[in-house]
Amino acid sequence: MKKKPTQSRATLDRIEDEVAVLVVDGREVTRPLASLPEGAREGDVIHLDTMTVDPEATEALREEVRAARERAKKGKTPPPGDFDL
């Protein structure tokens, strides 16, 4: 039985000037920002072979990050007073 080929995916970690920093298999690679899909933003999951944003994978990743933040905050009391980061 043939294995279905896996699409190589990256997460858009950050944008520095006109350079996109992507995380691919745990390592950072850079690409010209112009080579990414129009409207791509930090946190998007991008299929590298088609250069399209995967909205389902992006939302799943964002939910995973939200859940991790909630777990990290659980049981911690915020400091008193108002402050902005």
What pair of heavy atoms forms the shortest contact from S35 to M51, and how long is it? O-CE, 3.1 Å

Any chance you could measure E18, atom CD, to T30, atom OG1, to the nearest 0.5 Å? 13.5 Å

Answer with yes or no whether the hydrophobic clustering places L48 together with V45; edges join I, L, V, M, F, W, Y residues whose side-chain heavy atoms lie under 4.5 Å apart. no

One thing to verify: whether R66 and E59 come together as a salt bridge, which I'm taking to mean a side-chain N less than 4.0 angstrom from a carboxylate O. yes

Please determine whether the number of non-hydrogen atoms from other residues, nucleotides or ligands lying under 6.0 Å from atom CD of E63 exceeds 12. yes

Answer with yes or no whether the hydrophobic clustering places I46 together with V24; edges join I, L, V, M, F, W, Y residues whose side-chain heavy atoms lie under 4.5 Å apart. yes

Taking every heavy atom of A40 against every heavy atom of V53, the minimum-distance pair comes out as CB-CG2, 4.3 Å

Within one Ile-Leu-Val-Met-Phe-Trp-Tyr cluster: V29 and V19, side-chain cutoff 4.5 Å: no

Please report the closest heavy-atom contact between D13 and V23, naming both atoms and the distance. CB-CG2, 3.8 Å

Closest heavy-atom pair, R62 versus E42, reported as atoms and distance to 0.1 Å, is NH2-O, 3.2 Å

Spatial distance of atom CG (L12) from atom CG (L36) [nearest 0.5 Å]: 6.0 Å

E64 bridged to R69 by N-O distance under 4.0 Å: no

Using every non-hydrogen atom in the two residues, find where G43 and L61 come nearest and quote the distance to one decimal. O-CD2, 3.8 Å

Rounded to the nearest 0.5 Å, how far apart are CD of E38 and OG1 of T52? 14.0 Å

Could you state the interatomic distance from CZ (R31) to CG (L33), rounded to the nearest 0.5 Å? 12.5 Å

For G39 versus D44, what's the shortest heavy-atom pair and its separation? O-OD2, 4.3 Å

